[in-house]
Protein chains: 2
Amino acid sequence: MSTDAATARLAFEVVKTACSNCNLRELCLPIGLDPDELKKLDELVSTRRRLKRGDFLYRAGQPFESIYAVRSGFFKTDVMIEDGRDQVTGFQMAGELLGLDGISSEVHSCNAIALEDSEVCAIPFSHLESLSRQVHMLQHHFHKVMSREIVRDHGVMMLLGTMRAEERLAAFLLNLSQRFKARGYSPAEFNLRMSRDEIGSYLGLKLETVSRAFSRFQEEGLLAVNQRKVRILNTAGLRKLMTHQRS
Amino acid sequence: MSTDAATARLAFEVVKTACSNCNLRELCLPIGLDPDELKKLDELVSTRRRLKRGDFLYRAGQPFESIYAVRSGFFKTDVMIEDGRDQVTGFQMAGELLGLDGISSEVHSCNAIALEDSEVCAIPFSHLESLSRQVHMLQHHFHKVMSREIVRDHGVMMLLGTMRAEERLAAFLLNLSQRFKARGYSPAEFNLRMSRDEIGSYLGLKLETVSRAFSRFQEEGLLAVNQRKVRILNTAGLRKLMTHQRS
DNA sequence: GACCGGGGTTGACGTGGATCAAACGCAGGG
DNA sequence: CCCTGCGTTTGATCCACGTCAACCCCGGTC
């Protein structure tokens, strides 16, 4: 490879991947960093990966090296046990991190799969650790992100352990809505990137139950559904349903 | 307070709380630290707290300042929603950390309650962050601990989302057994520190269902139960049951 | 030793969601 | 244009677990 070509390619990538001009920086790792610190982070986040719908970002069992920030697109993560049963553990959208599960054993413990054409920034974990030794804000923010993931998981445990089908779906939809909103999209109208089956797996329900709950919400005027297109008509109604004491 | 008395008390506490001579150090934060680094950690872990059965270590909503290492005893953590439903999110025993959920919002997001008389080491979080900027192994190990918590939560999601009652209980008992074993206790015979109701809350089941599952295991010769005393008679049988394809 | 209370067990019955099955609708391909 | 296939919807039936209720067991108290 000629030096010129290499330089050009490099320059191109650096511009493209710079956290400092990424419009997700307020949602992603760089929160609260000053321009100087941001520049250091830019150096760290050097590689990008494009994935097509259905591609695996990583698989359970593969060695862990990097965590990934979703730059665009949509992912799911799932875990599997020997007998073939699997559980979707989360859906990730722009600005969210993937791969934190791999730190503990240096091997990924779940699969991460693109639900639509997507792009991620790879962040070599050892570099992240060494940079976060220098940049306090980065260190602290990274800890917050991991902690937030734990809190989120507790919420899912609550949902799976104590809520009934319609409450689960309502909670799920409100959560999606709020995350779309945080990214500047309409909180009321969006396209689901996942199938009924994937929603069911996440919520601990069968796809038929998910479908029926959607139909019921529609009958009750809470939302309009057509395949994967969802429009929320009554947010308060959903929220009320979610916290509704059983009978 | 006289200087002598203060010194004496201090010396006493330092000895008592020193990670360097704690027999849990291979299970807890100090893993892999050299003697020099251990000494720094000793300085950090300055305060201990004793709790009686039923005491709250912290409550949801309280400001987060420290994480806690269980030195002896047994805890549960739970989250609650407005309508009063609650979900036990975990049980913690010696060497395990409590409070990681509080990092994300600087407020605890769950309750931590002692299930028996217990003792914890408080680790001021800001100090931990600054020490882990100096001691790479500590930093790395702390990240592993947080990640392990995430992986554990995914396991619970799997359990709640896809397993049936007896599979859940089997998984729960095997997990406890393995953790007792790691601490030098018998993996086959132990006392449950939690009630049927608390087990049920953790496993997403009602207490009657838990009780029935225990009885069934006993009938099948998998274990001997008497109130909270459990003896596992057939580990392989439990393990097989756990992964048993439904139908 | 009688009483009491809280956790645990067991039984009878009800029900929410799983399962099984059929049909629909939309996208892609010939 | 029709055919094909997959994801979704809807209906009928089933069953695992929840609910309700009685009873038991054990430890603590007077």
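No hydrogens, no waters, no symmetry mates; every other heavy atom, side chains included, goes into these values. Per chain, numbering begins at 1; letters A, B, ... match sequence-line order. Since the model is a prediction, treat every value here as computed from it, not as a measurement.
- The main-chain N or O of A:M163 is found under 3.5 Å from a side-chain atom of A:R168 such that the two form a donor-acceptor pair.
- Comparing B:N226 and A:A165 by the nucleotide of DNA chain C that holds the closest heavy atom to each, the one mapping nearer the 5' end is B:N226.
- Look at CG on B:L169: it is 17 Å from P on D:dA16, rounded to the nearest Å.
- A:L207 comes within contact range of at least one nucleobase, with a heavy-atom separation under 4.0 Å.
- Rounded to an integer number of Å, the gap from CG of A:L203 to P of C:dG17 is 12 Å.
- Taking atom CZ of residue B:F217 and atom P of nucleotide C:dT10, one finds them 14 Å apart after rounding to whole Å.
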Give the C-alpha distance, both sets of side-chain angles, the deciding distance and a yes or no for ring-ring contact (aromatic ring centres under 6.0 Å, His included) between A:F75 and A:F91. CA-CA 6 Å; A:F75 288 82; A:F91 297 106; over 10 Å; no
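- The distance between the ring centers of B:F125 and B:F64 falls below 6.0 angstrom.
- The NZ-C1' distance, from A:K229 to C:dA27, rounds to 17 Å in whole Å.
- Counting to the nearest Å, the C1' atom of D:dC17 and the CG atom of B:L205 are 8 Å from each other.
- Rounded to whole Å, atom C1' of D:dG7 lies 12 Å from atom CD1 of A:I199.
- Taking every side-chain heavy atom of A:R228 into account, D:dG7 is the closest of C:dA18, D:dG7, D:dC17.
- The side-chain contact (heavy atoms from CB on, under 4.5 Å) with A:F74 is formed by just one residue from the set A:Q92, A:R53, A:M93; it is A:M93.
- Listed candidates were D:dT9, C:dT9, C:dG17. Nearest to the side chain of B:R196 is C:dT9.
- Contacts of B:A224 classified as side-chain contact (heavy atoms from CB on, under 4.5 Å), with partners at least two apart in sequence or in another chain: B:Q218, B:R231, B:L233.
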Any chance you could lay out the salt bridge (Lys or Arg N to Asp or Glu O under 4.0 Å) test for B:R183 and B:E96, step after step, and finish with the verdict? CA-CA 11 Å; B:R183 281 156 186 80; B:E96 297 176 336; 3.4 Å; yes
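- Between B:E166 atom CD and D:dC17 atom P there is a gap of 8 Å when expressed in whole angstrom units.
- As judged by a 4.0 angstrom heavy-atom cut-off over every strand, B:G204 is placed among residues touching the sugar-phosphate backbone only.
- Atom CG in B:N191 sits roughly 12 Å away from atom P in C:dG8 (whole-Å rounding).
- Side chain of B:K206, nearest nucleotide from D:dT8, C:dG17, D:dG18: D:dG18.
- Although no hydrogens or angles enter the test, the distance criterion places a donor-acceptor pair under 3.5 Å between the side chain of B:N111 and the main chain of B:A60.
- Interface residues of residues 208-216 of chain B facing DNA chain C, ordered by number: B:E208, B:S211, B:R212, B:S215; criterion, heavy-atom separation under 4.0 Å.
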